[in-house]
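Accompanying notes for the structure given below.
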Amino acid sequence: MEEYSVKNITVMEGLDAVRMRPGMYIGSTGLPGLHHLLWEIVDNAIDEAANGYADEITVTLHRDHSVTVTDNGRGIPTGIHEKLGVSGVEVVFTQLHAGGKFGNAAYSYSGGLHGVGASVVNALSRWLTVEVYHENRAYKMEFESVENAEGKIVSGKPKYPLTETGRTRRQGTVVTFLPDDRVFETIDMQYSVVMKRLRELAYLNRGLRLVLDDQREKQHHAEFKFDGGLSDFVRYIQEDKNALYDPPIHIKGESNGIVVEAAILHNDEYAETIASYVNNIPTTEGGTHETGFKAAITKIFNDYCRKNGVLKDKDPSLAGEDFREGMTAVLSLKMRSVQFEGQTKTKLGNTEARPAVEAVLNQTLVPWLENLKNANTANLIAEKAVKAAKARSAARKAKENAREKSKLENAPLVGKLSSCTGRDYSQNELFIVEGDSAGGSAKQGRDRKFQAILPLRGKPLNVEKKRLEQVLQNDEFRSIITALGTGIGDDFDISSLKYNKIIILADADQDGAHIRAILLTFFYRYMRPLITEGHVYIGMAPLYRVQKANQPPVYCYDDPALKAAMRGISGKNYTLQRYKGLGEMNPEQLWETTMNPQGRRLTRVTIEDAAEVEHLVTVLMGDKVQSRKEYIFEYADFNHAHTAFEKIKE
């Protein structure tokens with residue numbers, strides 16, 4: 001590999017538009033965009049590790065909301081750039097899309113390229129400091145975003161050129177930045193978000209040590225290093241399920257310059273989970289690499305079953321889903337010139353990825369199955385697949401019976417679904433409402449042109465431990481399946497969806513939270529494209545209603561909002577109501593606060609990290625109580641006091 005130096009840095013564009021339209025570069029100015037700044041710097045450090053130049057990365061969250069990322073890689077090149085006449089460090093932090101990753105000489109594989117580079121972090125920070133330890137010398141440079149004489153903010157302006165500060169044996173880069181509160185809605189990084197991403201990166205980069213040090217008020221410290229890599233990852237994802245074998249199947253190989261690595265572990269349940277990554281970037285919508293993986297698994301295991309007498313010559317081949325029942329797999333690719341597509345740009349589009357994955361699995365998984373020491377594991381997978389095929393046949397009959405029953409009865413929707421009159425599906429909305437009382441108010445308060453109401457009577461089935469035929473026997477889920485019109489499981493067809501938005505309306509209490517969890521688990525297991533393509537929402541109902549005499553009411557969705565509202569009320573002539581459930585609202589109030597598109601609050605349900613979602617669903621919805629208790633005790637705030645009714649001082 002060619003030496004990494006300043007000549008590897010390619011300049012593509014300046015910084016002018018970043019502060020004007022930050023959403024174009026980091027997605028949003030909310031929490032996702034804020035964390036995106038950190039991911040850009042972390043990705044640069046990870047690229048050093050992925051290419052064999054670093055083995056430790058530390059992220060520090062400081063009390064003043066600044067963040068430091070430290071790595072022990074090669075250090076950013078400090079030489080003078082030929083065309084620009086400034087140091088490589090200044091180029092990297094002041095020129096958009098500048099770096100050593102646009103050619104393939106300095107980096108074989110790069111994850112940082114999916115973003116927009118360190119320069120955007122600089123442009124959207126109040127200040128940024130970079131320290132470089134390179135070729136036995138220490139350097140430092142500082143940047144700031146300040147107002148000029150015309151009142152315009154000049155983003156990421158160097159305070160002084162790159163300066164040598166001394167000699168050192170240390171190696172690497174230290175970047176510290178303070179996100180600009182003039183740009184972001186909040187500059188408070190969430191510990192749990194950062195921690196989960198660093199843990200994921202540690203699994204994906206075997207042997208890399210990642211440290212998180214939170215020095216803020218609630219101090220936290222976490223360290224991750226997994227010598228088992230992807231094998232440890234699949235164990236973590238399904239740690240609350242009963243594994244059929246251990247250790248996991250772990251394979252790695254290369255085809256046409258694409259490195260393919262995968263770990264596979266089966267459990268005694270029914271759902272399949274494939275978490276895929278390209279250059280450490282989650283591909284939650286799948287893509288060509290997942291297609292190749294599934295095709296290879298199907299062919300290789302069918303060949304094994306025939307060769308070893310599990311399937312006779314006259315027997316039909318088993319379906320891919322039979323081999324994938326209860327399978328947890330992590331698939332990780334390292335490749336150049338990545339092309340992302342799909343609704344959220346998390347779907348791999350490179351056509352060359354599929355044959356590469358198929359080739360590597362044929363090179364590695366076939367010999368693994370032929371090795372006699374793996375015979376017991378291979379037979380367990382084959383036996384489970386045969387049982388799955390029989391169950392699939394039963395499920396197919398159940399689906400056919402359900403379809404016939406739906407035709408005869410118009411499904412179980414008579415007297416339940418209040419449909420809308422509009423036929424423009426792109427505008428239509430389905431509200432799935434907890435309870436008949438709230439459902440009645442929603443039916444009266446809705447706009448019949450585009451809003452349909454489906455009340456739920458009682459809690460639906462927890463699908464996490466059930467086969468498909470059992471799910472299809474549940475009236476509440478049959479109602480939802482029929483109302484949506486998409487089918488379910490392998491028959492799911494997103495183009496037949498009758499509503500653009502599916503909005504879950506449940507009370508803000510334990511039962512409501514459980515119903516939301518059950519419905520989301522159902523959509524995740526059997527209608528996942530509804531979530532990945534952005535059709536599922538949680539309706540946010542207000543907790544409080546404050547009204548001063550002769551004035552319109554103010555609805556508050558949390559305690560801070562209530563305090564703010566009450567500060568604006570003078571005197572004592574007002575009423576304050578705490579809603580215990582949706583059923584306490586009359587139709588007008590429900591429309592005004594929760595259903596009217598002009599003023600309501602909706603939270604879109606997304607899957608940013610498929611592996612973490614799978615782990616969380618298993619913990620919260622599985623049957624192992626101890627893990628659920630541990631999660632609740634770690635993340636629930638039992639000391640939270642509802643102080644909204646305290647006297648608020650003027």
side-chain contact (heavy atoms from CB on, under 4.5 Å) partners of [X], counting only residues at least two apart:
X      : answer
Glu269 : Lys241, Asn267, Glu464, Lys465
Lys252 : Val259, Glu261
Thr603 : Ile538, Met540
Asn136 : Arg167

field: With Ser231 via side-chain hydrogen bond (donor to acceptor under 3.5 Å, both in side chains) - residues at least two apart
entry: His250
query: With sequence neighbours left out, what residues match Glu272 under side-chain hydrogen bond (donor to acceptor under 3.5 Å, both in side chains)?
result: Arg324
Can you name the residues that form a ring pair (Phe, Tyr, Trp, His ring centres under 6.0 Å) with [X], not counting sequence neighbours?
X      : result
Phe301 : Phe323
Phe143 : Phe93
Phe226 : Tyr203
His62  : none

message: Taking salt bridge (charged side-chain N to carboxylate O under 4.0 Å, His left out) as the cut-off, I'd like each qualifying pair that reaches into residues 222-235, sequence neighbours left out, listed once.
response: Arg209-Glu223, Lys225-Asp227, Asp232-Arg235, Arg235-Asp246
message: Once salt bridge (charged side-chain N to carboxylate O under 4.0 Å, His left out) is applied, what residue pairs with a partner in residues 171-191 remain, sequence neighbours excluded?
response: Arg19-Asp180, Arg126-Asp180, Arg126-Asp181, Asp180-Arg182, Asp188-Arg216
Salt-bridge contact Glu200-Lys196 (side-chain N to carboxylate O under 4.0 Å): no
Salt-bridge present (Arg137, Glu164; N to O < 4.0 Å): yes
